[in-house]
Amino acid sequence: MKTRQKLISELLRQAIIEQLALPSNLQYGTAIYERGAVEIIEQSPHHIEGWAGGLDGTMVEGGGQRRRVKLSSTPKGLAWHCAGNPKNHQIFCKHCVALALALAHGNK
């Protein structure tokens, strides 16, 4: 029996975002989202891609680097990639959090 691939929106609810991110990345990513520094480039039922970050200000305010982020629903679950993550070290960083929040709560 084939399992239905979940929609990306089903995999990025607030509680899941909070489980995936370290507290500091959750704080910084939330600040990026709340300051409106997320630009969605492409979105489909199973994929979202965008730019996150790049604001002036302190890191706590969401300032810092602007990175390209991809979040996808796969048959194995959620997959993500941030251009700012070092090779083979795929943490759910502040940029991933910001893009996930834009999907979960609407892009500001």
Distance, nearest 0.5 Å, that separates CD of E49 from CZ of R68: 4.0 Å
SG on C93 to NE2 on H81, rounded to 0.5 Å: 9.5 Å
From CA spacing to verdict: side-chain contact (heavy atoms from CB on, under 4.5 Å), E42, I48: CA-CA 6 Å; E42 182 181 317; I48 186 168; over 6 Å; no
Heavy-atom closest contact ([X] atom, [Y] atom, distance):
{"X": "A21", "Y": "V97", "result": "CB-CG2, 3.5 Å"}
{"X": "Q5", "Y": "H46", "result": "NE2-CD2, 3.5 Å"}
{"X": "A100", "Y": "F92", "result": "CB-CZ, 4.0 Å"}
{"X": "I16", "Y": "E10", "result": "CD1-O, 3.8 Å"}

Is there a donor-acceptor pair under 3.5 Å between the side chain of [X] and the backbone N or O of [Y]?
{"X": "S72", "Y": "T74", "value": "no"}
{"X": "W80", "Y": "I91", "value": "yes"}
{"X": "Q14", "Y": "A104", "value": "no"}

Co-membership, hydrophobic cluster, residues I40 and L71, 4.5 Å side-chain: yes
Single-linkage hydrophobic cluster, 4.5 Å side-chain cutoff, L26 and L78 together: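 In one cluster with L26: L78, yes.
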Contact check, side chains of H105 and E34, non-hydrogen atoms, under 4.5 Å: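 Counting from C-beta outward, H105 and E34 never come under 4.5 Å.
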All salt bridge (charged side-chain N to carboxylate O under 4.0 Å, His left out) counterparts of R67, not counting sequence neighbours: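 Counting only residues at least two positions away or on another chain, R67 forms no salt bridge (charged side-chain N to carboxylate O under 4.0 Å, His left out).
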Salt bridge (charged side-chain N to carboxylate O under 4.0 Å, His left out) involving R66 - partner list, sequence neighbours excluded: E39
side-chain contact (heavy atoms from CB on, under 4.5 Å) partner of L99, chosen from L12, I32, V38: V38
Verdict with reasoning, Q43 to L103, per side-chain contact (heavy atoms from CB on, under 4.5 Å): CA-CA 9 Å; Q43 186 174 354; L103 178 67; 3.1 Å; yes
side-chain contact (heavy atoms from CB on, under 4.5 Å) between I41 and W51, intermediate numbers included: CA-CA 7 Å; I41 300 168; W51 290 99; 3.2 Å; yes
